[in-house]
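In the text below, chain A, chain B and the rest are named by the order of the sequence lines, each starting its count at 1.
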Protein chains: 2
Amino acid sequence: MSQAAAASKEHPTPASAAKDSGKPKIVVLGSGWAGYSFARHLDYKKFDVHLVSPRNHYLFTPLLPSTTVGTLEFRAIQEPARSIKGVHYYQAEATELDPATKQIKCKEAFTGMEFMVPYDKLVLAMGATTNTFGVPGVDPKNHVYFLKQLTDARMIRNRLVECFERASTPFCSAAEQTRLLSFVIVGGGPTSVEFAAELHDFVRGDAKRLYPDVADKVSVTLVEASHQILGTFDSALVKYTMNLFQKRHVNILTDNSVVGVKDHKVLLADGNSIPYGLVVWSTGIKPVDFTAKLEIEKVRGRITVDERLRVPALEGVYAMGDCAAGKDKALAPLAQVADQQGRYLAAALNRGHEEPFKYVHLGSMAQVGDYQAIVDWHGTRVKHGSLNGLLAWAIWRSAYWTKTVVRC
Amino acid sequence: MSQAAAASKEHPTPASAAKDSGKPKIVVLGSGWAGYSFARHLDYKKFDVHLVSPRNHYLFTPLLPSTTVGTLEFRAIQEPARSIKGVHYYQAEATELDPATKQIKCKEAFTGMEFMVPYDKLVLAMGATTNTFGVPGVDPKNHVYFLKQLTDARMIRNRLVECFERASTPFCSAAEQTRLLSFVIVGGGPTSVEFAAELHDFVRGDAKRLYPDVADKVSVTLVEASHQILGTFDSALVKYTMNLFQKRHVNILTDNSVVGVKDHKVLLADGNSIPYGLVVWSTGIKPVDFTAKLEIEKVRGRITVDERLRVPALEGVYAMGDCAAGKDKALAPLAQVADQQGRYLAAALNRGHEEPFKYVHLGSMAQVGDYQAIVDWHGTRVKHGSLNGLLAWAIWRSAYWTKTVVRC
């Protein structure tokens, strides 16, 4: 008897999960793009669906940077996991998989109580977490924040306002003002670029109006380890964005990285340091603990799946989104990949078809502030090319906002 | 030399406050209805205006209950203190008044640093705080919250959702579910009634949809020390509201009060106790520390003012809003009183007129849920009478929402 199965003697199964509904029991781990999209599209009349996730909402991540400065409200970009029809939801973290008895061990979010959920089919969609590469001092206590969850965005917004308030207090020294209003962004991907853009709009708008005495002391620094920002985007768009940011006096440091955070200072690989009031850390991802602990075949930490998203070694187990990767071709950890995989697998199970998953790239977008955006259609079926400026922003806005704001 | 003046040797004056602008220096304490309305209407071309308040925003308090369940967003009902044109704002608490040297000692909100602000004219508009009448256990740590500030409303919203989530966890006992979903409201004024109404709408709407298994276990109890709720309202409206709440199974306990909060239980004066998941405490007001410490004439703890809102014993000092009261007639601590006083005093100083303040009662309103409200015009110039139901709700909504939502 395996360890997990033994544990099931101590750890009960919720009545809702133990009940035999006469339908195959499908358990989904994760409420991100992949898990949410899968659970929403799965036919609950055919399947008994159970969703386990420590986060009780799905998050429309592309608009997360817009909430940090108040362009959008936090609630506008989330959807409760419980709102998916026909799904049993458990606010809990999966801690152990027992493929022999086909059970998942879970830890309840509030009470810490452990319980077992049995499955016929299991869908692994736990996503990934931000990678700090072991750099010491990356901690909200030091005002260094990720930008992946709503709580992150809320902390960033609060700290941002606090920096301006503190800099505006009487007797705040010029050096301290400069430090408080020094905002450092680590990582040069789309999330970083969009946060820099929102920050720019905020400083030129609200901050200039509310903190006129200090708004011109703001400095923004973006640190990127490789030789350019927006690595996956078309080079013309990268150049366009670089020019735009240079005009705005965003200090872009490429071929450099943060090796430590200490005493309100970011320490750089080149030996320099930057005093800061706020750091946003967005430097790529790493597997969550549950994925890391799984002793199965992986591709750079991501669970290996076949062309139908099945995990070869585990019967009835699928994986998708950021925690999974094809053996031959690892797709980028993008929202649109996860979303399409969720829809694909739901359709495959609903209809019982056995066609392989095919990813359709819809292009890459990022808004860059001042009602401007960049859109990259390379690699899409639609068109080869790129676009920047106001029209691109309109496309960015309509693609995302119509999906969210209308229902808030 | 007085103590405060002596302190000024140690405690510096901000450059902005020390500077001689050639205009009379007016210092306002407080950013509530009275202080905000005064500062907004004062002519900054004639006066050098300085606003001191620990709260960096003005709050549209009548809509605060609506934010607790998400009907309105928090940001929609606030306005930054810094947005008032021509006003120097200090996020600080006034701690000491020295009328001899005409200075106010302040404590900076972030650093705790103490500094002095000199004045030619001083306007006291610190408001009041919630009165707990010394009842032990009234503390957010025990999930007992006031409903006076944005932070209160945010804590209530978070706790409310947590109660439903906890009650929905597997293995939550029936007794624990009943406790978690028992919501107790202490005090029977308009704020309490409106919170009960919002709670009702939330339970019937979102909660029923998201937590269908537990929504019918919700109980709401309102405890009022006097013999009826909504003491200041017309008796027909009170009866209407009582009937409405009885239909909704809101348990109204009059002639009873809370004498303690312990072990997730509210202890009542009649010896009974109520297990709870959340308590909202709204039982009237008491002076803030600064007011309590002032050794001047008061009316039931409120600073005595004459018919022009002057504090008789202190030259150049005015008081208004919840912290002030006329010697012969103490107006109720209402938003509309404070708002009118702020406008009146600004106009009096702008134009130099010496007419007395005259309060114009515009009626009392409360929304009671299900798109219904009560409006009481007794004591107004417009009309003697009252109204309830949908039309009243439309009046309530248009009176308040048009002032706020349009600018969010």
(Q) Could you tell me if the side chain of Thr169(A) sits less than 4.5 Å from the side chain of Met113(B), heavy atoms only? (A) no
Q.
Can you tell me which of Ala15(B), Ser16(B), Ser168(B) forms the most heavy-atom pairs within a distance under 4.5 Å of chain A?
A. Ser168(B)
Q: Report, as yes or no, whether the 6.0 Å neighbourhood of atom CZ on Arg40(A) holds more than 12 heavy atoms from other residues, nucleotides or ligands.
A: no
Q. Is it the case that more than 12 heavy atoms not belonging to Lys23(A) sit under 6.0 Å from its NZ atom?
A. yes
Q) chain A heavy atoms under 4.5 Å from Phe110(B): which part of the residue, side chain, backbone, both or neither? A) both
(Q) To check you understand the geometry: which heavy-atom pair defines the closest contact between Phe171(B) and Pro14(A), and what is its length? (A) CZ-N, 3.4 Å
(Q) Rounded at 0.5 Å granularity, tell me how far CZ in Arg82(B) sits from CG in Asp213(A). (A) 8.5 Å
Q. Within a radius of less than 6.0 Å around CZ of Arg204(A), do more than 12 heavy atoms belonging to other residues, nucleotides or ligands occur?
A. no
Q) Are there more than 12 heavy atoms of other residues, nucleotides or ligands under 6.0 Å from atom CD of Glu93(A)? A) no
Q | Neighbour count >12 (heavy atoms, 6.0 Å) for atom NE2, His264(A) | A | no
Q: Measure distances from Tyr89(B) to the heavy atoms of chain A and classify the residue's part below 4.5 Å as side chain, backbone, both or neither.
A: side chain
Q. If you count heavy-atom pairs under 4.5 Å with chain A, which of Gln91(B), Glu108(B), Glu165(B) comes out on top?
A. Glu165(B)
(Q) Need one label for Asn56(B): side chain, backbone, both or neither, based on atoms under 4.5 Å from any heavy atom in chain A. (A) side chain
